[in-house]
> 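Mind looking over this structure? Questions follow.
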Amino acid sequence: LNLQQPLGQSHFQEILFNLTRRYSNGLTLMASFQINDQHDADYFNNGFDALPSWEASNNSLPTRFTIEGVYSLPFGRGKMLATSGWESAVFGGFQLSGAYEMQPGTLIGFGNAFYVGTPSASQIKIKHPIYVNGQATGGHNYVQWLNAGNATATATSTVNSNGTTTTTCTYSGTGFVTNPACQPTGVNLRVFPSRINGVRQMGMNDGQLSMQRTFPLWEKMSLETTFNAYNVLNHQ
């Protein structure tokens, strides 16, 4: 028996700033900055929950900044400088343009984990990720961005009078519990959140540049050349 009910919810707020400056001394500039907050009640934290649980949404990213501009250099025929002769021929017809966009990545999804302490982005995500040369020891190279912490869990097993075994765990330190004997059983009341605001995938930090020059050949005919540079900041 499958039952579908409209129980989900979504809360969304946004502030958007736009700046446009067109054709001011050969410069066209457009910029946009967006701030928003969205939380969705779209999953059940526990199988026996009557209502969905709230989590930070991946359907919209909290910030986004873009800027792009085009600038026609003031050299050449009809401009302020180098309007004729060899100066116009050498320096005229240049146009520069660029674009930049920045936004954080999507939130990391966590399973049903045991964590000692209060999970937060400042505790879990390493501010400056660490490059680990695992090939030196026969493994793989990787970048460590998650702080597992120093939590320890000690399991103590006790045989009851009826012959059953009860395992009790004691914890110390702070961080994720890794002892297999002290892991969630699948029927526990989940406490660890599905997503932690601030613990995200790599975001976007990308820029493009372009230089264009137009060579007039004869009336109603010109040659346009363009040099483009992509991913100027070399960011994945």
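For the numbers below, each heavy atom of this structure counts, side chains included, while hydrogens, waters and symmetry mates do not.
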> To the nearest 0.5 Å, tell me how far T214 OG1 sits from E224 CD.
4.5 Å
> Quick check: are there more than 12 heavy atoms from other residues, nucleotides or ligands sitting under 6.0 Å from OH of Y43?
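Buried by this count: over 12 neighbours within 6.0 Å.
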> Do T168 and T156 meet the criterion of a side-chain donor-acceptor pair at a distance under 3.5 Å?
no
> Got a second to check how far S97's OG is from Y71's OH, nearest 0.5 Å?
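These two atoms lie 14.0 Å from each other.
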> Got a donor-acceptor contact below 3.5 angstrom from the R64 side chain to the Q34 backbone?
no
> Please tell me if the side chains of V232 and Y100 come closer than 4.5 Å, counting only heavy atoms from C-beta onward.
no
> Which class fits the ring pair F176 and F110: parallel under 30°, tilted 30 to 60°, perpendicular over 60°?
parallel
> So do the side chains of D42 and P52 get within less than 4.5 Å of each other, counting heavy atoms only?
no
> Do the side chain of D49 and the main chain of L51 share a donor and acceptor less than 3.5 angstrom apart?
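Such a contact is absent between D49 side chain and L51 backbone.
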> Does the side chain of N36 come under 3.5 Å of the side chain of Q38 through a donor N or O and an acceptor N or O?
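Side-chain D/A pair, N36 to Q38: absent.
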> With no hydrogens and no angle check, just 3.5 Å: does a side-chain donor-acceptor pair link N58 and T106?
no
> So F114 and Q183, side-chain contact (heavy atoms from CB on, under 4.5 Å) or not? Walk me through it.
CA-CA 7 Å; F114 278 178; Q183 292 298 308; 5.5 Å; no
> Can you establish whether the number of heavy atoms outside N162 located under 6.0 Å from its atom CG is more than 12?
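Enclosed: over 12 neighbouring heavy atoms sit under 6.0 Å from CG of N162.
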> R213 side chain to T225 main-chain N or O, any donor-acceptor pair under 3.5 Å?
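Checking the backbone N and O of T225 against the side chain of R213, no donor-acceptor pair under 3.5 Å is found.
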> Which pair of heavy atoms, one from N112 and one from P184, lies closest together, and at what distance?
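Result for this residue pair: O-CG, 3.1 Å.
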> Would you indicate whether the side-chain heavy atoms of W145 and V199 approach each other to under 4.5 Å?
yes
> May I ask you to check whether D206 and Q208 show a side-chain donor-acceptor distance below 3.5 Å?
yes
> Can you tell me if S72 and Q95 form a side-chain donor-acceptor pair at under 3.5 Å?
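Indeed, the side chains of S72 and Q95 share at least one donor-acceptor pair under 3.5 Å.
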> Please examine the side chains of I196 and I108, heavy atoms only from C-beta on, and report whether any two atoms are closer than 4.5 Å.
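No, every pair of side-chain atoms sits at 4.5 Å or beyond.
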> Between CG of N197 and CD of E55, what distance do you get to the nearest 0.5 Å?
11.0 Å
> Closest approach of L61 and G105, non-hydrogen atoms and distance?
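Nearest heavy atoms, L61 then G105: CD2-O, 3.6 Å.
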> Which residues pass the ring-ring contact (aromatic ring centres under 6.0 Å, His included) test with W54, sequence neighbours left out?
H11
> Give the minimum heavy-atom separation between P104 and R200, together with the two atoms involved.
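Shortest heavy-atom contact: CB-CD, 3.9 Å.
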> Tell me whether N141 contacts the main-chain N or O of Y131 through its side chain, where contact means a donor paired with an acceptor under 3.5 Å.
no
> Quick check: does any side chain N or O of N150 sit under 3.5 Å from a backbone N or O of T174, one acting as donor and the other as acceptor?
yes
> Decide yes or no on side-chain contact (heavy atoms from CB on, under 4.5 Å) for I124 and Y115, but give the supporting numbers first.
CA-CA 10 Å; I124 291 179; Y115 186 88; 4.1 Å; yes
> Identify the two heavy atoms, one from L146 and one from I126, that lie closest to each other, and give their separation to 0.1 Å.
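Looking at all heavy atoms of both residues, the closest pair is O-CD1, 3.8 Å.
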> Can you establish whether the number of heavy atoms outside F227 located under 6.0 Å from its atom CZ is more than 12?
no
> Do the side chain of R190 and the main chain of G47 share a donor and acceptor less than 3.5 angstrom apart?
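No, because the side chain of R190 does not come within donor-acceptor range (under 3.5 Å) of the backbone of G47.
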> Grab the two heavy atoms, one from N45 and one from S53, that are nearest each other, plus how far apart they are.
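Where N45 meets S53 most closely, the heavy atoms are CB-OG, 3.1 Å.
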> How close do L107 and S57 get, counting heavy atoms only, and between which atoms?
CD1-O, 3.8 Å
